[in-house]
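Data first, discussion second: the structure below is written as structure tokens.
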Amino acid sequence: MPAMVMDKKDILAFVERLLSDYEVIGPRKKDGFYLFGVISKPEELTLDYPIALYPPRKFFLPAKETVLRFRLGGRPEVEAVVEEPRPRVLFGLHPCDLHSTRLLDAAFLRENPDASYEARRRNAIFVGFDCLKPCDEYAFCRDMGTLDPKGYYDLFFTDIGEAYAIEVGSERGRELLGKYSTARSASSTELARLEEVRKERDNNFPSRLNFDASKLPEILWSRFNSPYWKELAERCMGCGSCTLVCSTCYCHDVFDRVELNLKEGERVRVWDSCLLDEFAKVAGGLNFRPSRVERLRHRFYRKGKYLWDLFGLMGCVGCGRCTRHCLARINPIEVFNDIFREYTQA
């Protein structure tokens, strides 16, 4: 149970104080969409938002970044480029986006730490906000086990009426409250209200999957050669929109850019998508996933099995962004339920 509470009227003053020492990133409304961006004043924040257009991964994995520079000549020189950003607070993250960063941490920090990613994560503080109702009909976060942030935050706020109940997830979070806020200890009445709100929240999130998501890797693997994937691929346009807005996709391309003097250049990392034909092309022009069927199937297996096998974490957090932006309205909820139906009838 949380030990702290902050009155809602004090939230803007809290953010105002944070801005004096931190870069604050949060959800803002622009042209009818909600986008994560750097704010210059507290009033720019929109905390009651359905879901941001893009996930927060762009602040740890930019769409395009230089990873090293090199100079040729008598003695070649290679210099790694590692950005050391200003300490930042990511304010207003939903539980699904907190879970997505957990998976990115596993990919970029566990075995072979990526220096650029590590520097950005080290300088980031997560302030999450509870979701008390589904973002829309495409969300299935409760099914995927991501409605509860499970401690992956520094501070976590839950709306209990006139105030926010605050769970402290780290020492940095505790220091943030102590230095920049007027948070106080929660009363027994406020703790009881939090328990009521959490029960109401759970009732607001109906099950969208017809099975327990822990069985998804087994179900998918059993239907690898199903004709269903070909039928689904006939709808897919292979545009990559789903991976562009996905909160856990981290595939990228790397290329060298050389100056006209042929003496210096840089190595650049850019976002890529496994749905695109060029992604699977290798030396000699060979393509190890030449058909759209293979690429589409790979996307779903990566989300529902491969990353689970690799990290013990599901690659889908149930945010629903991919469905919202899919031109063909391919919906993971429907796909997983269809595959489960085949699985039970096999």
Side-chain angles (χ1 to χ4, degrees), residues 21-25 30 35-40 53-90 100-101 103-125 238-292 294-295 298-299 302 306-307 310-311 315:
D21 292 326
Y22 294 93
E23 178 182 71
V24 178
I25 294 167
K30 182 179 180 181
L35 302 169
F36 286 116
V38 178
I39 68 166
S40 57
L53 180 63
Y54 292 106
R57 69 176 165 114
K58 65 179 182 178
F59 297 104
F60 305 107
L61 293 172
K64 182 179 180 181
E65 65 174 322
T66 299
V67 295
L68 63 82
R69 295 189 179 93
F70 54 86
R71 287 175 289 277
L72 307 177
R75 185 177 180 181
E77 298 179 16
V78 178
E79 172 192 8
V81 178
V82 179
E83 173 193 4
E84 189 70 32
R86 179 187 176 193
R88 54 176 49 156
V89 175
L90 278 79
S100 69
T101 308
L103 186 139
L104 295 178
D105 284 357
F108 286 88
L109 298 179
R110 276 193 188 178
E111 294 186 5
N112 298 296
D114 181 273
S116 295
Y117 181 91
E118 193 277 332
R120 296 184 184 108
R121 273 295 282 115
R122 186 176 62 249
N123 285 281
I125 296 174
C239 65
S241 294
C242 53
T243 56
L244 182 65
V245 298
C246 178
S247 59
T248 63
C249 278
Y250 57 84
C251 289
H252 53 266
D253 191 11
V254 177
F255 61 90
D256 290 341
R257 184 165 55 196
V258 182
E259 298 294 341
L260 290 176
N261 60 19
L262 303 181
K263 294 182 178 179
E264 55 191 14
E266 61 183 10
R267 178 161 293 175
V268 180
R269 177 165 65 188
V270 296
W271 286 358
D272 206 344
S273 169
C274 63
L275 268 296
L276 303 181
D277 176 67
E278 294 291 323
F279 181 84
K281 281 188 177 179
V282 295
L286 299 176
N287 193 324
F288 54 86
R289 280 196 291 273
S291 70
R292 187 171 298 170
E294 291 168 299
R295 295 193 293 274
H298 173 80
R299 178 209 163 198
R302 184 168 175 81
Y306 299 153
L307 290 174
L310 188 60
F311 301 125

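Heads up: numbering here begins at 1 and tracks the sequence. Hydrogens, waters and symmetry mates play no part in the numbers below; they use all other heavy atoms, side chains included.
Minimum heavy-atom separation, Asp277 to Asn287: O-ND2, 3.1 Å. In plain terms, the two heavy atoms of Gly238 and Leu276 that are nearest each other are O-CD2, 3.5 Å. Between Glu264 and Asn261, the shortest heavy-atom contact is N-OD1, 3.5 Å. Between Phe60 and Pro56 the shortest heavy-atom distance is CD1-O, 3.7 Å. For the residue pair Ser247 and Ser100, the shortest heavy atom distance occurs at OG-CB, 3.3 Å. Closest approach of Pro55 to Val245, counting heavy atoms only: CD-O, 3.3 Å.
Environment of NZ in Lys58: crowded, with over 12 heavy atoms of neighbouring residues, nucleotides or ligands closer than 6.0 Å. In the displayed structure, Phe108 atom CZ is contacted under 6.0 Å by more than 12 heavy atoms of other residues, nucleotides or ligands. Other residues, nucleotides and ligands contribute over 12 non-hydrogen atoms within 6.0 Å of the CD atom of Glu84. Counting non-hydrogen atoms of other residues, nucleotides and ligands closer than 6.0 Å to CZ of Arg121 gives a total above 12.
For the side-chain contact (heavy atoms from CB on, under 4.5 Å) criterion with Arg292, the lone passing option out of Arg295, Arg289, Glu294 is Arg295.
Side-chain contact check for Phe279 versus Asp253: every heavy-atom pair is 4.5 Å or farther apart.
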Show your reasoning for whether side-chain contact (heavy atoms from CB on, under 4.5 Å) applies to Leu275 and Cys242.
CA-CA 9 Å; Leu275 268 296; Cys242 53; 4.2 Å; yes
Derivation and outcome, side-chain contact (heavy atoms from CB on, under 4.5 Å), residues Asp114 and Tyr250
CA-CA 12 Å; Asp114 181 273; Tyr250 57 84; over 6 Å; no
Evaluate the ring-ring contact (aromatic ring centres under 6.0 Å, His included) criterion for residues Phe59 and Phe36: first the C-alpha distance (whole Å), next the side-chain angles of each, then the deciding distance (0.1 Å), finally the verdict.
CA-CA 9 Å; Phe59 297 104; Phe36 286 116; 7.0 Å; no
Val67/Val81 under side-chain contact (heavy atoms from CB on, under 4.5 Å): CA gap, chis, key distance, verdict
CA-CA 5 Å; Val67 295; Val81 178; 5.9 Å; no
Would Trp271 and Leu61 count as a side-chain contact (heavy atoms from CB on, under 4.5 Å) here? Give the steps.
CA-CA 8 Å; Trp271 286 358; Leu61 293 172; 4.3 Å; yes
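For Arg302 and Phe311, the positive end is not near the middle of the six-membered ring at less than 6.0 Å and at most 45° from its axis.
With rounding to the nearest 0.5 angstrom, the CG atom of Leu68 is 7.0 Å from the CG atom of Asp256. Between Lys281 atom NZ and Leu286 atom CG the span is 10.5 Å, to the nearest 0.5 Å. Leu104 contributes atom CG, which lies 7.0 Å from atom OG1 of Thr248 (distance to the nearest 0.5 angstrom). A distance of 9.0 Å separates CG in Asp105 from CG in Leu103, rounded to the nearest 0.5 Å. In this structure, the separation between CD on Glu23 and CG on Asn123 is 10.0 Å, given to the nearest 0.5 Å. For the atom pair Phe70 CZ and Glu266 CD, the distance stands at 8.0 Å (nearest 0.5 Å).
Salt-bridge annotation for Arg122 and Glu118: present, with a side-chain N of the basic residue lying under 4.0 Å from a carboxylate O of the acidic one. The existence of a salt bridge linking Glu79 and Arg69 is excluded, since no basic side-chain nitrogen approaches an acidic carboxylate oxygen closer than 4.0 Å. The residues Glu83 and Arg120 are annotated as salt-bridged, a charged nitrogen and a carboxylate oxygen being separated by less than 4.0 angstrom.
A donor-acceptor pair is defined here as one N or O able to donate and one able to accept, closer than 3.5 Å; no such pair exists between the side chain of Arg269 and the backbone of Pro62.
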